[in-house]
Amino acid sequence: MKSYRKELIFHTDQRRAFINITPLVEECLRESGIKEGLLLCNAMHITASVFINDDESGLHRDFERFLEKLAPEKPYSQYEHNTFEDNADAHLKRTIMGREVVVAVTNGKLDFGPWEQIFYGEFDGKRRKKVLVKIIGE
Ligand code: ZN
């Protein structure tokens, strides 16, 4: 069995962002040489997500509005976590959007359903963050 590991680095200008990382993950898969197996991709921070959905800008604005309704960024004082930090909303948003995705690898390709794309969801950006890609198989 082959095994591959890589860390992808992100540093967004804004506090929140959705980035389509599918091309980067596909590059990892090519580099791994693995044709059949499983690919795990996870955020290595508790204020960021990796999730699968549609690459459609209207939907991304809907996600932003949906998450702001559930866990609004401000006022910062509404959260018990915000004593030394101001990122309680980011922890909550990350929990809603999830930590990781697992994708089947078939014939050397990500075995997606229609419209599936992998996104990095940043909820407390403006600093360096990491995403792990781990691939196992033959
Ligand atoms: Zn925090």
Side-chain angles (χ1 to χ4, degrees):
M1 189 194 76
K2 280 194 231 173
S3 166
Y4 171 96
R5 181 188 190 277
K6 188 162 196 173
E7 291 178 4
L8 305 175
I9 309 295
F10 297 95
H11 191 147
T12 62
D13 295 334
Q14 288 154 325
R15 181 176 170 107
R16 286 191 291 281
F18 295 127
I19 300 168
N20 187 340
I21 63 170
T22 311
L24 296 171
V25 175
E26 285 172 338
E27 203 180 303
C28 292
L29 181 55
R30 269 193 300 276
E31 208 173 273
S32 75
I34 292 169
K35 303 289 179 208
E36 295 291 325
L38 288 174
L39 180 148
L40 166 75
C41 183
N42 67 268
M44 298 180 84
H45 300 263
I46 52 181
T47 53
S49 290
V50 172
F51 63 95
I52 290 181
N53 220 302
D54 194 0
D55 193 1
E56 198 278 302
S57 56
L59 179 65
H60 296 179
R61 289 192 294 276
D62 291 336
F63 276 136
E64 164 68 14
R65 217 174 307 157
F66 165 74
L67 291 168
E68 271 298 289
K69 257 183 223 163
L70 291 174
E73 178 188 340
K74 293 169 185 166
Y76 296 123
S77 61
Q78 73 189 302
Y79 298 107
E80 293 192 34
H81 179 67
N82 287 346
T83 45
F84 302 103
E85 289 187 295
D86 66 1
N87 66 1
D89 70 300
H91 289 281
L92 298 173
K93 285 167 174 133
R94 180 269 165 97
T95 302
I96 292 161
M97 296 306 283
R99 170 182 182 266
E100 79 275 304
V101 301
V102 176
V103 183
V105 173
T106 306
N107 288 327
K109 294 219 155 68
L110 298 173
D111 203 340
F112 282 142
W115 307 110
E116 284 191 319
Q117 294 283 291
I118 305 173
F119 291 90
Y120 175 66
E122 177 60 80
F123 305 114
D124 185 22
K126 301 181 185 174
R127 59 201 172 94
R128 195 173 174 275
K129 308 270 276 275
K130 296 190 290 186
V131 165
L132 177 69
V133 179
K134 179 91 185 191
I135 313 170
I136 54 169
E138 298 290 330

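Just so you know, ligand 1 is whichever comes first in the structure, and atom 1 is the first atom listed for that ligand.
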Modelled atom types, side-chain donor and acceptor of Asn87 and His81, under 3.5 Å: yes
Name the residue from Arg15, Arg16, Lys129, Lys93 that meets the salt bridge (Lys or Arg N to Asp or Glu O under 4.0 Å) definition with Glu122. Lys129
Can you tell me if, anywhere in Thr47, an N/O/S atom lies at a distance from the Zn ion (ligand 1) that is smaller than 2.8 Å? no
Under 3.5 Å, is there a donor-acceptor pair between the Asp55 and Gln117 side chains? no
NE2 (His91) to the Zn ion (ligand 1) to NE2 (His81) angle, given to the nearest 10 degrees: 100°
Going from CG on Leu67 to CG on Asp62, what distance comes out if it is rounded to the nearest 0.5 angstrom? 10.5 Å
Looking only at N, O or S atoms, find the one in Glu85 nearest to the Zn ion (ligand 1) and name it. OE1
